[in-house]
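Count residues from 1 along the sequence. All ligand and atom numbering here is 1-based and tracks the order in the structure. Because the structure is a prediction, the values reported are computed rather than measured.
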Amino acid sequence: MVNRLKYDLIIFDADGTLRRCTVPGQVCPNAPGQWELLPGVAGTLTGIEWGSPSRDRTALGIASNQAGIARGYLAEELARRMLEDTVEAAAGFRPVPGSVELCPHGTREGCSCRKPQPLMLQRLMAFWETAPERTLFVGDMASDRGAALNAGCEFRWSADFFPGD
Ligand SMILES: [Mg+2]
């Protein structure tokens, strides 16, 4: 387990890190009821006293590529609500506005937010007013690790952060 006291902000990827899709052959959920938390996630996240770094607590953020929006699989508003639902299921509270970042663009649009681009992480660090060296990003893909490197924050694989089964 990570020494979370070292961090003012811990940002999580969603799919494959906090949750998995329950529809066979589908990677990301496109509707409520198509996902479940991964093992160990709720047990770990409910054990952390989340809050604002200005009050000596660790803040929580989400940074999720949601290319399904560009592909027409789901609306941005629904994707955002499902990410908020995921946080609530995992950590026990509704995330504050500004702490959930998603990239709605397709893989070939060349946007500046889709991971491994660092913009979503940078926005979250600006929102919580945290420094990169006090920020950890937890994810399951090389693009997550790339985003952390590009943003200058630390990175941990989700398999190492969460205990699993
Ligand atoms: Mg992922």
(request) Determine, stepwise, if the pair Gln34 / Gln26 fulfils side-chain hydrogen bond (donor to acceptor under 3.5 Å, both in side chains). (result) CA-CA 9 Å; Gln34 292 189 349; Gln26 190 176 306; 3.0 Å; yes
(request) Look at the aromatic rings of Phe93 and Trp50 and report parallel, tilted or perpendicular, splitting at 30° and 60°. (result)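 Judged by the thresholds at 30° and 60°, the geometry between Phe93 and Trp50 is tilted.
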(request) Please work out the angle at the Mg ion (ligand 1) defined by atom O of Asp15 on one side and atom OD1 of Asp140 on the other, rounded to 10°. (result)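 Taking the Mg ion (ligand 1) as the apex, the two atoms subtend 110°.
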(message) Is Asp144 close enough to the Mg ion (ligand 1) that one of its N, O or S atoms comes in under 2.8 Å?
(response) no
(message) Testing the 3.5 Å rule here: is there a donor-acceptor pair between the side chains of Ser52 and Arg57?
(response) no
(message) For N/O/S atoms only: which one belongs to Asp13 and is nearest the Mg ion (ligand 1)?
(response)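 Nearest N/O/S atom of Asp13: OD2.
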(message) Counting only heavy atoms from other residues, nucleotides and ligands, does the tally under 6.0 Å from CD of Glu129 exceed 12?
(response) no
